[in-house]
Amino acid sequence: MNPEEDSRAMAQALQLAERGRTSTHPNPRVGCVIVRDGIIVGQGYHERAGLAHAEVMALRDAGERARTATAYVTLEPCCHTGRTPPCTDALLAAGISRVVVAMEDPDPRVAGGGIARLRAAGLVVDTGVMEAAARTLNRGFISRLTRRRPFVRAKVGASLDGRTALATGESQWITGPEARADVQRLRAESSAIMTGIGTVVADDPALTVRPTPLRVPQRIIVDSRLRIADDAAVLRPAGEAIVATITDTGPRAEELRAAGVHVVAAGSHEGGVDLAVLMERLAAMNINDVLVEAGPQLTGSLIRRHLIDELVVYMAPSLLGCGQPIAALRLERLADQSRWRYVQVRQIGSDLRIVLSPGE
């Protein structure tokens with residue numbers, strides 16, 4: 001075992017896994033590399049739910065060269081039968097002698113069972129190689145299975161003085177075309193895109209991804225009183241929208257369901273939808289990642305409930321002087337301010353992309 005070679009091969013497997021970043025939901029993003037005598041003889045990644053897993057793709061690529069080789073896989077091989085057979089069986093049948101795993105699978109159907117199965121069959125199994133990178137790649141999948149809620153990322157476009165729109169609601173466009181293109185990438189990577197009914201009424205956004213990806217993210221509208229119009233752009237095409245509300249009974253809820261809208265009841269909290277319960281409901285629907293593109297009310301409510309895992313601010317080099325803030329927090333004491341930690345600051349076109357995680 002050479003730690004340097006192991007890290008190099010696992011880095012290649014992680015690069016392969018990245019290719020499934022926009023298409024594998026609700027499955028994890030997984031890559032696999034087969035190495036024999038120091039040479040890569042097979043590569044593969046999981047492209048989409050229902051298709052072959054990364055290990056199977058890499059073994060097909062390697063063919064007979066997989067015998068006595070080492071398999072590097074970014075997530076523990078599955079040991080159960082789902083839409084596809086167990087990857088542990090495929091590795092054993094191919095004659096692999098050693099498996100290097102970046103991280104254990106949090107799925108209770110696996111959760112160490114795949115590693116145990118391989119070791120029981122006499123294979124050498126090493127774990128934890130580049131684990132941090134593997135966990136970051138699948139943080140939504142991990143969050144859904146361990147915290148029972150999706151990983152939630154909120155995106156805002158703002159001026160230097162923290163305004164996301166004028167007092168009139170006009171906001172197109174504060175940021176430049178490069179920043180807006182980067183938002184399309186965030187949308188494509190997400191299982192679902194969430195907004196509030198206020199944004200729908202004011203802007204009638206479609207929340208689509210351009211260019212259209214292999215998998216279209218679901219759209220979630222938080223609408224406590226079911227005010228959404230039948231012809232709202234976000235409800236098209238039919239069957240891909242979720243309206244989250246307090247109760248799913250009554251004629252309006254029935255009308256929406258008849259139109260192909262999935263109405264989800266999450267109960268009430270402080271007069272609006274209980275957002276913590278909503279996140280539990282979304283996890284139960286196999287939603288890994290949620291991108292929030294909303295106004296200050298919904299964004300502020302999510303911050304107050306500690307439900308945002310990452311905040312992405314696209315900051316334009318401009319001053320608006322007045323208008324809507326990033327989040328409505330209604331603080332009475334400076335000691336109560338919402339603190340965040342800088343993760344990354346990068347220039348995107350003429351704007352800054354600031355990535356933050358919740359602070360202490």
Side-chain angles (χ1 to χ4, degrees), residues 1-25 27-79 84-107 110 112 114-115 117-119 123-142 185 188-189 213-215 288-289 343-344 346:
M1 181 178 71
N2 184 319
E4 194 171 302
E5 290 181 4
D6 285 349
S7 294
R8 193 159 47 240
M10 188 61 76
Q12 176 64 20
L14 286 164
Q15 286 182 13
L16 289 167
E18 286 276 356
R19 297 183 186 179
R21 183 175 281 277
T22 66
S23 60
T24 64
H25 303 270
N27 289 359
R29 301 141 178 163
V30 185
C32 180
V33 168
I34 310 293
V35 176
R36 180 174 174 176
D37 298 328
I39 299 171
I40 293 177
V41 295
Q43 311 182 71
Y45 71 98
H46 181 49
E47 181 182 351
R48 194 161 64 247
L51 299 185
H53 288 187
E55 298 94 319
V56 172
M57 296 299 290
L59 290 170
R60 288 177 185 172
D61 188 37
E64 286 300 315
R65 296 174 297 174
R67 194 157 299 278
T68 72
T70 297
Y72 293 85
V73 60
T74 59
L75 184 70
E76 176 183 8
C78 64
C79 54
T84 59
C87 290
T88 49
D89 291 0
L91 291 165
L92 293 172
I96 291 289
S97 63
R98 176 177 177 239
V99 178
V100 181
V101 176
M103 63 168 286
E104 186 176 300
D105 191 338
D107 189 327
V110 186
I115 293 170
R117 168 86 176 89
L118 294 171
R119 285 175 173 161
L123 274 67
V124 175
V125 181
D126 295 303
T127 62
V129 176
M130 300 193 74
E131 180 174 357
R135 295 184 71 85
T136 298
L137 180 64
N138 281 309
R139 56 191 182 179
F141 177 74
I142 296 168
R185 176 186 61 82
E189 292 176 2
L214 291 174
R215 179 199 55 83
N288 292 338
D289 322 83
V343 175
Q344 183 190 71
R346 179 182 170 189

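Rounding to the nearest 0.5 Å gives a distance of 9.0 Å between OG1 of T70 and CG of D126. Between atom CG of residue L51 and atom NE2 of residue H53 there is a gap of 9.0 Å, rounded to the nearest 0.5 Å. Atom OG1 of residue T22 and atom CZ of residue R48 lie 10.0 Å apart, to the nearest 0.5 angstrom. Atom CD in E131 sits 10.5 Å away from atom OG1 in T136 (nearest 0.5 Å). Atoms SG and OH, on C32 and Y72 in that order, are 11.0 Å from each other to the nearest 0.5 Å.
Between D289 and R21 no salt bridge is recorded (no basic side-chain N to carboxylate O distance below 4.0 Å).
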Handout entry: Evaluation steps, side-chain contact (heavy atoms from CB on, under 4.5 Å), between M10 and V100
Key = CA-CA 8 Å; M10 188 61 76; V100 181; 3.8 Å; yes
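In this structure a side-chain-to-backbone donor-acceptor pair under 3.5 Å is present from E76 to D105. When atom types are taken as modelled, the side chain of H25 and the backbone of A49 share no donor-acceptor pair closer than 3.5 angstrom. At distances below 3.5 Å, not a single donor-acceptor pair connects side-chain atoms of H46 with backbone N or O atoms of G31. N2 places a side-chain N or O within 3.5 Å of a backbone atom of E5 that can act as its donor or acceptor partner.
Across A52 and M57, no two heavy atoms sit closer than the pair CB-SD, 3.7 Å. Listed here is the closest heavy atom pair of V110 and P77: CG1-O, 3.7 Å. Minimum heavy-atom separation, V30 to A17: C-CB, 3.5 Å. Annotation for G114 and C79: closest pair N-SG, 3.5 Å, computed over non-hydrogen atoms. Contact detail for L75 and V101: the closest heavy-atom pair is C-CG1, 4.0 Å.
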Run the side-chain donor-acceptor check on residues 58-65: report pairs under 3.5 Å with partners two or more places apart or on a different chain.
| from | atom 1 | to | atom 2 | distance (Å) |
| --- | --- | --- | --- | --- |
| D61 | OD2 | Q43 | N | 2.9 |
| R65 | NE | A62 | O | 3.1 |
| R65 | NH2 | V41 | O | 3.0 |
| R65 | NH2 | D61 | O | 3.1 |

Acceptor/donor pairs from residues 87-94 side chains to any protein atom, 3.5 angstrom cut, sequence neighbours excluded:
| from | atom 1 | to | atom 2 | distance (Å) |
| --- | --- | --- | --- | --- |
| T88 | OG1 | C78 | O | 3.4 |

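Counting only heavy atoms from C-beta outward, the side chains of Q15 and Q12 approach each other to under 4.5 Å. Using a 4.5 Å heavy-atom threshold, the side chains of S97 and V124 count as separate. Looking only at side-chain heavy atoms (C-beta outward), I142 and R135 come within less than 4.5 Å of each other. Between T74 and M130 the shortest side-chain heavy-atom distance does not fall below 4.5 Å.
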